[in-house]
Every structure is written in C-alpha cells, then in structure tokens.
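In what follows, a single structure is set out as structure tokens and then discussed.
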Amino acid sequence: MKAKIEDSLREIICNLYSKNISNINDISLNLQENKEKAHGDLASNIAMVLAKPLGKSPIEIAKQIIDQYEIDKEIINVEIAGPGFINFFLSKDSISEVLREIDQKKQHFGKKVSCEQKVLIEYVSSNPTGPLHVGHGRGAAFGSVLSDLLREAGYEVDEEYYVNDFGRQIDILALSLWVRYAQFYDKNIQMFSDGYQGEYLIEIAENLKRNNADAFFIKDEDIHSLFNSDNDKGENFVDSLVEKIKVKLGKDYSQIKEFAVQEILKLIKSDLTEFGVNHNSWFSESSLYAEDRNSEFRVKKSIEELKAGGFVYEKDNAIWFKSSKFNDDKDRVLKRGSGDFTYFASDVAYHIDKYERGYEKILNIWGSDHHGYLPRVKAALEACNKDRDKLEVVFVQFASLVRSGKKVSMSTRSGEFISIKELMDEVTPNAARFFYINRKADQHLEFDLDLAKEQSKDNPLYYIQYAHARICSVFRKSKIDEDSLSEADLNLLDSERETEIIKSLGQYPKIIERAANSYEPHLICYFLRELSASFHGYYNNEKFLIEDEDLMKSRLFLLKGIKQVIQNGLRVLGQRAPKEM
RNA sequence: GCCCCGUUAGCUCAGUCGGAUAGAGCGCUGGAUUCCUAAUCCAGAGGCCAUAGGUUCAAAUCCUGUACGGGGCACCA
C-alpha cells in the first residue's frame, strides 16, 4: 500500500516539476505513518521539501499534487493539513489486509527471505580463567538475541566465541590450579596474591588429583617456601614463579594448563547453555600459534604481512605496528621485549582470519571498556588491505544489579562478582535474558532483580506473556476451530481500538527490520509491550465470546493475529509464549 | 590533557535515522471485578527534552561550544 502511494506520488511530482528540478528522483518522499488519527493513516512532507527549490509555498504545491492524485477503493481520501502535509486516508479493507497476511504467513510473518549474506558475530569471549559473571551476561544475551534477530532479517549467522587460551593470564591460571592441587599434599602452601582465588579452582584441583594422584606434586622445600612469602605481589614475582614451576614440572606443566582451560571452558559452556546461548564456533587463540611444517604460525604470518606493507618497526627491543598511520592515537606493540607476543598481535591474526572466511559482515560485541581498542584493530585490517568498514563493533555498557532498591556492590578485584549461574538461579534464565536486552546496548543498565522475579504487569516479560496466555484462554473457551476464522468479515472491526491494534500489527515487520539494521533488539521488547498493552485494554473493554457470531469471529480473527505476532516476537527474543499461566 | 558514550516527568527508560499537541512503566491521587485469567483495565496530576548558540519551512533528533555523569588512553587482557 505504501509502495503504491509512493509510486503514484513520484509519478505526479515528476510530471509536474521535472523541468524545474533536475535530480527530482533523488528527493525522498518520506511517507510515514501518523500517530494522530485525524491526520489520516499516512503522510508525506514532500510539498514542504519542494517549497524551497520551487520557490512556492508548500500549501500551493500540495494543492497541485493532490489535484493530480486519483482516489480509489483503497485510498479513500487525500487532504492537505498543517504547514503542508499531504495526508492519505486508507479504506478499512486495506488496513485490515494485514490480518490476512498474518493468517497466511503465520510464524513467518515479519521474517525476511534470505538475502544470502553471511554474518559472523563474535561475543562473550570471556577469558577462560573463571566462570562467567553477571558482567558477561549482558553481552551474552545481546549477542545471542542479535544473532536470532539477524536470522529473522534474512542473514545467515555464525556465532563465535574467541577463547583466550594463550598468554600470561593462562599461565597464572595454571599456576593457581597447581597451588590448589599442591595444597592437598602440603597445607602450608598458600595461594599467591595475584593468583585466582575463586573456589572453582579447588574443585578443579580435586578432579586433577582424582585423575593423576600426586604425579604433579613437587617435593621441594625451596619451591614451597616461595608460596609463603609475604611480599608475593607484583608482575615480576608472578612471572618468575611461573618460570620456576614450568621448569620443575617440565611437560607436566602443559598438561595442567590444558586441564585448567578445558575444565573452565566446561563451566562456561554449561552456563551459556543454561542461559540459552549457543555458539556454533569456538575459536582458540592458541591455534594462531600452532606451527606448521615450516615452523610458521598465523600470528607470525600476519606480522609479516604488516611488515611487507612497511608498517612495522623495531624500538626498545620490541616490535611495533605503525597504527598511528591509520587513525590510531599511537603505535602499538606486537611483540614485547620479553619475546612474548601481545594480545593485540593475536587479534590481528584472528581478525584477518575472520575476513578470509568470507563473511559479508563481521560483528564484534565488546564491553564498552574496550572501545579504545577498536582503532588499532581497524588500523591493522586497513594495513592489510581489508575493508575496515566490514568490521562493526557494538559496545555494550555495564550492567549493575539492583536489589530492594539498592545497588548490589561488586568488585572485580576482590572477586565478588555475582556469577551468571547465581543470577539464573535467582531469576530464571529467560527473565535474565529479557532484562539484559530491554535497554539500548550503549546505555547503562540497572538490572532490577526484584522486578525480574515479579509476576505482575510491572514485569514487561510477564505482561507480554500474559497477553498471549489470555488470548489462548479465550480460544480454549470458545471451542472454535481457529482455521475456520479466515472467512471473518473484517469490516466489523471498526472501533478505534481495533483499528489501532491492526495498524500496530502491521508495523511488526518494519520493527524487525529496523531492529536488525541498527542492532537494537530492545525495539522488539518495547513493541511487544505496547502491543500487549493495547490488547489488555481491548480485552477489558470488549467481550469476544458473544451471541453475534459474525462479530465474534471477526474479533477472534484479530486476536489470532495478535497472538501470532506476540509469538513471533517472543521467539526472536528467545522467549516462550505460554498458552496458560 | 586527549578520545568515546550519555544527559528526556520525582524514579527507570522509549522516542519511527528532522515532522503536526514529547510518550510508556513505576510512584502519587481517584475509580472498575456476580462477566472470556483483576497476573488486568480506566481516569487525573506530573516536562525550559542539561545549557548556550547555529543549520531550515520544521530540531528532543543534525552541527559547535559549555556543564555534569560513565568509560577509555600499557611492552595488561
């Protein structure tokens, strides 16, 4: 309908003004839905836009346009209003047309046909040094819902988790695990200050002991004494500690390290699964360091590539990338003086790999504390002749928890973060997912635990689901075959409320499209909430199971449409649409 | 100091990529249930859209400055 009006408008404008305005086809008609019903159903601002170039008043132009406009069965009236808007009034039939469309397309209403474009979404990617906490939850929920949303919008989506199983943090993890393990044999050994203090490592150490008995225990008083020192702080201390243990344990060390990473990944995966988050790809950072026959590995190769472009130099014993050539604030180190590669070096190789896998779109979901990191990654991609705009990053702000109106205090340092597992035990995974995405990603989020648990209209998820359950209940009571409703006379749906709801249903596909294009799944939450509110109002004001069978059928047909759209929307959000509550 | 993001009702937040009288929920005030789920609904009060300029037919929306808040500026990840 909209397209039809646009076409005729454009034709009229071309006929009238093409000799006055050269690039008339470039002018946007900006046909939009009206919120005020007195203004009709659709409006165009074209007369006002043309006023300046034509040197005429908008009203005059609007008059010329509507003189040419042909009224028909579908567009029953055209008016000029306000400063020069052209308002279009549609017939009831063409408004309620959408109900038939929903009836036909069912769960596919709002879904776009495949555009055959592949997208990679990388998200969570939390270090495998401990279980996920609530800080990771938002990125997890967001990435997961966005993936489904993009699928709904026609994309083919891969969801990837980048596993940082390489580098210093992992050594510290391995060392921490060894300490917990050694404590079974010598109670005097203490965890060093910078070690991972969390209790999960004790459990993992138990598993390690169960599998290997005391095979990894070192009977060496000198080593033991290292873990009793009071001044055990600082990077140097830890690094030398790692070195000593590495030497002592020999090849056992890498076994312990792998065991630690694998066990923690198990924890992470099980949490994600419970949370409804399913990555189909796990990319290991250490694979970027795996040497081939020629002792080549991908990090090395990507640095060679940068070097070939002349963007690499040596300074103070370290190897640097000239990222400042490409819009970064300063140059960045790829390989430290110590001989270790930086995390950034891995990331260059990793992103090159993403590009080489042939995606049309590459999306990263990052915590907003990483925003300063993006320019250097883009710089590296540009230096390697990759299209830097293909990579897009959505930054997700922090979430704080609120309980009984007060912020729950958390600090990374003391490890007092509430785990995602605890959150799910308290508010259910689905509620958590919904509340995480019920805000724009770049906004701070206050996650109200009490609200998420509440079973009332204050809880938007509950409110939406209740609308669905109520409709199902009406159908149960009616004992009517839903398929028989297709013959309903939609002209009987002529109240203001009904028209409003029908129009709102018609907006759904556009909401999906817009939410997908701008990576804003929260739009769906708000849409569903409003739709549910309209329904609840309708429900309280009209009866559906009535004597007048024709009217009953047409109302039920409308309810059926609402039910379908709520179902579709909730499905995209990864939520259930319960039949009863 | 430099760079990102934000600032809308007492609180938590939307706001159709510039449109007509700025919207929800909570909270507050007052109502609705012999009836399809009151797990709901209806009505009322509540606004200098942080601030000062600019762009234009039109600005909460775009541009610039200022104030305030959050984050980032490592041979950490």
Side-chain angles (χ1 to χ4, degrees), chain A residues 30 32-36 38-39 43-45 47-52 57-59 81-85 87 125-127 129 164 166-170 235 285 315-320 329-330 332-344 346-347 367-375 395 397-398 402 405 438-446 448 451 454-460 462-463 465-467 469-478 507 510-511 514 517-518 522-523 525-527 529-530 532-533 535-546 552 556 559 580-581:
Chain A
N30 197 357
Q32 61 182 37
E33 280 78 18
N34 286 325
K35 33 191 168 187
E36 196 71 37
H39 296 149
S44 172
N45 64 354
M48 290 177 287
V49 175
L50 291 174
K52 188 81 176 259
S57 87
I59 305 279
F85 288 101
N87 292 332
S125 297
S126 147
N127 285 349
T129 52
N164 302 119
F166 189 87
R168 187 162 174 272
Q169 293 305 318
I170 297 300
E235 284 189 24
E285 181 184 7
K315 194 181 85 179
D316 303 333
N317 244 349
I319 293 178
W320 296 71
D329 298 337
K330 51 179 110 169
R332 307 293 174 177
V333 171
L334 291 163
K335 194 177 185 181
R336 293 186 218 123
S338 65
D340 295 327
F341 291 98
T342 58
Y343 177 82
F344 173 57
S346 303
D347 241 353
S368 59
D369 53 334
H370 282 64
H371 84 84
Y373 191 75
L374 181 58
F395 292 102
Q397 283 278 6
F398 295 120
V402 175
N438 192 31
R439 289 275 178 275
K440 253 193 315 203
D442 62 359
Q443 290 273 12
H444 287 271
L445 168 70
E446 283 196 11
D448 188 329
L451 185 58
E454 203 166 303
Q455 307 198 347
S456 76
K457 74 193 193 80
D458 304 349
N459 179 336
Y462 228 88
Y463 184 84
Q465 291 179 322
Y466 180 46
R470 256 185 160 175
I471 296 175
C472 291
S473 165
V474 173
F475 277 110
R476 271 198 302 277
K477 288 264 157 54
S478 78
Q507 294 301 309
K510 207 190 318 168
I511 296 288
R514 205 155 58 85
N517 288 340
S518 55
H522 74 280
L523 294 176
C525 302
Y526 282 90
F527 171 83
R529 211 212 157 270
E530 266 169 46
S532 303
F535 163 73
H536 284 306
Y538 186 40
Y539 182 94
N540 276 33
N541 274 273
E542 301 284 2
K543 274 191 70 69
F544 308 113
L545 305 180
I546 45 179
M552 174 178 79
L556 287 180
L559 290 201
E580 32 185 345
M581 294 170 76

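Predicted, not measured: the structure shown is a model, and the values here were computed from it. A note on names: the letters A, B, ... follow the listed sequences, proteins ahead of strands, and every chain is numbered from 1.
Evaluation of atom-type donor-acceptor distances gives no pair under 3.5 Å for the side chain of A:D369 against the base of B:rG72. With hydrogens and angles ignored, no donor-acceptor pair closer than 3.5 Å exists between the side chain of A:K510 and the base of B:rU16. Between the side chain of A:N87 and the base of B:rA20 there is at least one donor-acceptor pair of N/O atoms closer than 3.5 Å.
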Any protein N or O atoms within reach of nucleotides 26-32 of chain B? Criterion: under 3.5 Å, listing atom names and distances.
unit_1, atom_1, unit_2, atom_2, d
B:rC26, OP1, A:K457, NZ, 2.3

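Nucleotides B:rG47 and B:rA22 have their C1' atoms positioned 8 Å apart, rounded to a whole Å. Taking the C1' atom of each, B:rG27 and B:rC68 are spaced 26 Å apart, rounded to whole Å. Going from the C1' atom of B:rG1 to that of B:rA59 covers 33 Å, rounded to whole Å. Comparing the C1' positions of B:rC26 and B:rG46 gives an interatomic distance of 13 Å, to the nearest angstrom.
Listed candidates were B:rU40, B:rA20, B:rC75. Nearest to the side chain of A:H536 is B:rU40. When each of B:rA77, B:rG19, B:rC36 is scored by its nearest atom to the side-chain atoms of A:H370, the top-ranked nucleotide is B:rA77.
In this structure, A:K440 reaches the B:rG15 phosphate: one of its side-chain N or O atoms is under 4.0 Å from OP1 or OP2. A sub-4.0 Å separation between OP1 or OP2 of B:rC13 and a side-chain N or O of A:R529 is absent. Residue A:K543 places no side-chain N or O under 4.0 Å from the OP1 or OP2 atom of B:rC36. Neither OP1 nor OP2 of B:rC4 sits under 4.0 Å from any side-chain N or O of A:Q397. For B:rG15, the OP1/OP2 oxygens have no side-chain nitrogen or oxygen of A:K35 closer than 4.0 Å.
Listed by first residue number, the stems of RNA chain B with at least three Watson-Crick or G-U pairs below 3.5 Å are B:1-7 with B:67-73, B:10-13 with B:23-26, B:28-32 with B:40-44, B:50-54 with B:62-66.
Stacking of A:H371 onto the six-membered ring of B:rG72 is not present when judged by under 5.5 angstrom between centres and under 30° between planes. Residue ring and nucleobase are not stacked for A:F85 and B:rG19 under a centre distance beneath 5.5 angstrom and an angle between planes beneath 30°.
When side chains are defined from C-beta on, A:K457 does not count as touching A:Y462, because their heavy atoms never get closer than 4.5 Å.
A donor-acceptor pair under 3.5 Å links the side-chain atoms of A:N459 to the main chain of A:L451, judged by distance alone.
Distance CG (A:L50) to P (B:rC57): 13 Å, rounded to an integer number of Å.
Residue A:H444 is classed as a sugar-phosphate contact, given heavy-atom separations below 4.0 Å to backbone atoms only.
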Checklist entry - Between A:R439 and A:E446, does a salt bridge (Lys or Arg N to Asp or Glu O under 4.0 Å) hold up when you go through it step by step? => result CA-CA 9 Å; A:R439 289 275 178 275; A:E446 283 196 11; over 6 Å; no
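Ring-plane geometry between A:Y539 and A:F544 is classed as tilted, the angle between the planes lying from 30 to 60 degrees on a 0 to 90 degree scale.
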